[in-house]
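Heavy atoms only: backbone and side chains are in, while hydrogens, waters and symmetry mates are out. All residue numbers in this chain count up from 1 along the given sequence.
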Amino acid sequence: MEIRLAKTAGFCFGVNRAVELVEQAAREGKSVVTLGPIIHNRHAVAHFAELGIRAIGSLDELLPEHKAVIIRSHGVSREVYEALEQRGVEIIDATCPFVKRIHHIVSKAQEEGRQVIIIGSRSHPEVEAIAGWCRDALVFETAQELLSWLESDGKNRGLPISLVMQTTSTKKNWKTCSEIIKKICTNYILFDTICEATEKRQEEASRLAQECDTMIVVGDAKSANTGRLAMICRQYCGQVLMVDNASELKQDDFTASANIGITAGASTPAWIIKEVNKTMSEMMNVETVAEESFAMLLEQSIKTLNTGDKVLGTVVAIGSTEVQVDLGTKHAGYIPADEVSTDPFVKPEEILKIGDEIEVFVVRVNDAEGTVQLSKKKLDGLKVWDEIEAACEAKDVVEGIITEENKGGVVASVKGIRVFIPASQSGIAKGGELSALKGQTVKMKITEVNRARRRVVGSIRAVNAEARRAAIEKVWSEIEVGKKYQGVVKSLTSYGAFVDIGGVDGMVHVSELSWNRIKNPAEVVKVGDEIEVFVISFDPEKRKISLGYKTAEMNPWNQFMSKFAIGDVAPVKVVKLMTFGAFAEILPGVDGLIHISQIADRRIGKPEDVLAEGQEVEAKIIDVDAENKRISLSIRALLSAEEETVEEAVEE
């Protein structure tokens with residue numbers, strides 16, 4: 001008979017971290033409580049209570065003497081987190097880093113107006129917390145529920161969807177849900193948020209179940225991932241027993257078993273697994289796994305490192321050549337300086353600081369020297385490729401910097417990935433200078449991704465076209481007579497000016513450009529001018545808009561009436577001589593008549609005996625006919641006034 005213990009049995013990284021935070025708080029003697037059970041295991045919760053740290057069910061149970069609150073590994077909603085901040089207590093956040101990542105994903109998705117869908121158990125505290133970091137999240141427990149929702153309303157298929165999954169869900173469920181989304185939806189982003197440790201534990205449980213007559217799954221019955229392990233084992237093994245601890249083992253259950261496998265959920269403490277293994281060995285008269293060996297297996301289950309793994313670590317030192325990272329193992333982790341960022345100009349200390357928790361890629365494990373070479377750049381690069389592929393599938397807009405002009409186009413850098421943009425997709429007119437784009441930050445859509453050949457193709461033109469369409473629709477949906485726009489003069493014709501009012505061109509007729517008589521629009525505006533215009537009329541069917549530029553404030557007559565009054569003296573310019581008098585310009589567009597009798601203080605034969613066209617003189621406003629817009633001027637009145645002044649001076 002053989003008893004085989006799964007290497008991945010017991011605490012995962014997130015649970016182990018949470019437990020360590022609780023034990024550290026106990027050692028420091030803090031007056032602290034956990035918001036909900038720190039993990040799904042009653043024995044562990046009871047142990048913490050013995051240390052003086054009990055669990056409360058809600059913030060209503062928080063007492064004044066409680067100086068700190070530990071957030072459990074499942075996390076809490078944004079509302080609860082902010083309520084804790086407002087109370088001013090110390091927050092010890094033991095949320096699993098992988099769960100925390102999902103919080104960031106759904107929060108960002110909400111900001112971008114995307115519909116968040118969570119695949120997981122609705123009543124599970126992890127799922128409840130995730131849903132609490134965004135609005136109107138939908139939770140589906142099965143792929144069938146997801147399919148039913150998508151088919152219930154045709155509009156659902158076109159929604160921008162962000163799909164995440166409970167970290168302890170199965171890979172099979174994720175694959176099924178992903179295939180449904182890809183097949184039915186048109187705008188989606190998939191985030192594989194199943195915890196790698198959970199996935200490995202499930203895979204090992206599956207292999208062990210296929211090789212053993214009996215499987216023992218150790219863990220709290222309320223633990224979701226323990227229950228899921230049992231479900232997986234039942235697919236391959238005829239006898240699967242779930243036990244909370246060694247006291248639930250019965251020898252009669254194993255008499256016909258030649259091979260017995262033991263696995264445990266992520267919330268099961270090591271001492272319970274150890275006790276089950278020892279009790280089983282005594283029952284079946286099999287030599288117990290040595291304590292040292294068992295401890296080693298547990299350490300490996302949590303902290304085994306392999307090339308290609310993605311692991312979390314804490315920055316402990318930043319040097320000129322490398323960054324040292326604590327991975328929680330006997331290995332010393334380090335990141336060479338050139339493996340910190342995809343940006344070669346960024347220094348490690350500019351983006352990292354001691355105490356930062358970061359995710360890294362395991363490049364090489366040297367057990368002999370006890371070192372692990374890590375790379376943040378490689379992992380960031382892999383993530384960027386995932387993002388690029390997701391952006392291509394979802395037809396999302398991305399930003400990049402044009403770094404060079406290439407044969408047939410330009411090259412952009414999108415988070416370190418080279419993206420080729422053909423000249424025809426650059427947004428530059430044929431024959432234009434592509435070099436003008438160099439150094440610019442541009443928006444584009446990814447049209448082709450070949451990860452194997454490291455080839456990515458983008459299009460600026462697609463974004464510009466989409467922006468133009470959106471702008472045009474916005475203008476036509478909001479346009480109304482009298483509405484004002486800040487426009488740009490695009491072109492001039494003999495009969496008017498075409499003005500862009502935000503993606504749509506409207507026409508300002510020459511008669512609407514000025515209150516004065518003009519022969520050519522160029523007398524008032526030129527191409528490129530920014531001017532304020534207003535809608536006179538529009539025809540949605542013919543897509544024509546008539547605009548006005550001249551306003552009542554610009555009306556020369558109104559300007560005259562606000563500036564001058566009868567009796568005022570104004571500088572005027574003689575613009576036309578007639579037999580009965582002379583017309584003089586007071587303001588551009590406003591002329592007054594100087595009658596022949598008002599030109600001089602003596603009788604004259606004709607106006608040109610005294611005045612000439614273009615001559616500038618001063619005249620007194622002696623009458624204004626507002627109804628007919630007529631103004632009478634007099635030079636004689638000023639001359640008479642001068643004579644009277646001279647006579648008075650002589651008499652004195």
Would you say NZ of K563 has more than 12 non-hydrogen atoms from neighbouring residues, nucleotides or ligands within 6.0 angstrom? no
Answer yes or no: are there more than 12 heavy-atom neighbours, outside E433 itself, under 6.0 Å from its atom CD? no
Check step by step if side-chain contact (heavy atoms from CB on, under 4.5 Å) holds for L374 and V362. CA-CA 5 Å; L374 308 167; V362 177; 4.1 Å; yes
Does the pair D93/K100 count as a salt bridge with the N-to-O cut at 4.0 Å? yes
So do the side chains of Y549 and V524 get within less than 4.5 Å of each other, counting heavy atoms only? yes
Would K474 and E478 count as a salt bridge (Lys or Arg N to Asp or Glu O under 4.0 Å) if you check the C-alpha gap in whole Å, the side-chain angles of each, and the deciding distance to 0.1 Å? CA-CA 6 Å; K474 185 175 187 298; E478 299 175 353; 3.2 Å; yes
For a side-chain contact (heavy atoms from CB on, under 4.5 Å) check, start with the C-alpha distance between K182 and L190, then their side-chain angles and the critical distance, and finish with the verdict. CA-CA 9 Å; K182 289 178 181 178; L190 307 178; 3.5 Å; yes
Between E339 and K377, does any side-chain N to carboxylate O distance fall below 4.0 Å? yes
Can you tell me how far apart CG (N464) and NZ (K443) are? Round to the nearest 0.5 Å. 10.5 Å
Quick check: do M444 and V414 have side-chain heavy atoms less than 4.5 Å from each other? yes
With distance as the sole test, does R122 use its side chain to make a donor-acceptor pair with the main-chain N or O of V139 at under 3.5 Å? yes
Under the side chain to side chain donor-acceptor pair (under 3.5 Å) test, residues paired with R543 that sit two or more places apart: none
Tell me whether T403 contacts the main-chain N or O of V411 through its side chain, where contact means a donor paired with an acceptor under 3.5 Å. yes
Count the heavy atoms belonging to other residues, nucleotides or ligands that lie under 6.0 Å from CZ of R78, then report whether that count exceeds 12. yes
S514 versus E523, side-chain donor and acceptor atoms under 3.5 Å: no
Heavy atoms of G502 and A471 approach each other most closely as O-CB, 3.3 Å
Given 3.5 Å as the limit, does a donor-acceptor pair link the side chain of E350 with the main chain of V346, or not? no
Spacing of I531 atom CD1 and Y485 atom OH [to the nearest 0.5 Å]: 14.5 Å
K490 NZ: over 12 foreign heavy atoms closer than 6.0 Å: no
Going through the distances and angles, do H509 and S546 end up as a side-chain contact (heavy atoms from CB on, under 4.5 Å)? CA-CA 8 Å; H509 192 268; S546 293; over 6 Å; no
Just wondering, do V365 and N306 contact through their side chains at under 4.5 Å, heavy atoms? no
Can you sort out the partners of F564 under ring pair (Phe, Tyr, Trp, His ring centres under 6.0 Å), two or more places apart, ordered by chain and number? F560
Do the side chain of N156 and the main chain of W149 share a donor and acceptor less than 3.5 angstrom apart? yes
Minimum heavy-atom distance G503-I472, with the two atoms named: O-CG1, 3.3 Å
Output the distance between atom CG (L138) and atom CD (E145), rounded to the nearest 0.5 Å. 11.0 Å
I545 versus M507: any side-chain heavy-atom pair under 4.5 Å? no
Salt-bridge test for E359 and R101: reply yes if a basic N is under 4.0 Å from a carboxylate O, no otherwise. no
Would one find more than 12 heavy atoms of other residues, nucleotides or ligands at under 6.0 Å from atom CZ of R630? no
Decide yes or no for I421 and I402: does some side-chain heavy atom of the first lie under 4.5 Å from some side-chain heavy atom of the second? yes
Under the 3.5 angstrom rule, does the side chain of S107 hit a backbone N or O of H104 as a donor-acceptor pair? no
How close do S375 and V363 get, heavy atom to heavy atom, and via which atoms? CB-CG2, 3.6 Å
Under the side chain to side chain donor-acceptor pair (under 3.5 Å) test against D380, which residue among K383, K376, K378 passes? K376
Does I161 offer a backbone N or O that forms a donor-acceptor pair with the side chain of R114 under 3.5 Å? yes
Determine yes or no for a side-chain-to-main-chain donor-acceptor pair under 3.5 angstrom, with T193 supplying the side chain and M165 the backbone. yes
Has the side chain of N173 got a donor or acceptor atom that lies under 3.5 Å from a matching backbone atom of T170? no
Can you check whether D591 reaches I631 side chain to side chain, under 4.5 Å on heavy atoms? no
When rounded to the nearest 0.5 Å, the distance separating CD of E473 from CZ of R468 is 13.5 Å
In short, A612 meets L577 closest at the heavy-atom pair CA-CD1, 4.2 Å
d(F361 CZ, K310 NZ) to nearest 0.5 Å is 8.0 Å
SB check E404 R418 (cutoff 4.0 Å): yes
Side-chain donor or acceptor of W133 paired with backbone N/O of V76 under 3.5 Å: yes
Mind checking the CD1-OG spacing from I130 to S77? Nearest 0.5 Å is all I need. 12.0 Å
Side chains of K171 and E203 in contact at under 4.5 Å (non-hydrogen atoms): no
For D529, is there an ion pair with K526 - N to carboxylate O distance below 4.0 angstrom? yes
What's the shortest heavy-atom distance between V527 and S491, and which atoms? CG2-CA, 4.0 Å
Can a salt bridge be assigned to the pair K353 and D356 using a cut-off of 4.0 Å between side-chain N and carboxylate O? yes
Keeping the roles fixed (side chain from E399, backbone from T441), state whether a donor-acceptor pair exists under 3.5 Å. no
Has E79 got more than 12 heavy atoms of other residues, nucleotides or ligands less than 6.0 Å from its CD? no
I want to check something: taking the side chain as every heavy atom from C-beta on, are T167 and C96 in contact at a cut-off of under 4.5 Å? no
Go through it in stages, so that I can follow the logic: the residues are L147 and T142, the test is side-chain contact (heavy atoms from CB on, under 4.5 Å), and I'd like the CA-CA distance, side-chain angles, deciding distance and then a yes or no. CA-CA 9 Å; L147 181 61; T142 65; over 6 Å; no
Provide the closest heavy-atom pair for S169 versus I194 in the form atom of the first, atom of the second, distance. O-CG2, 3.7 Å
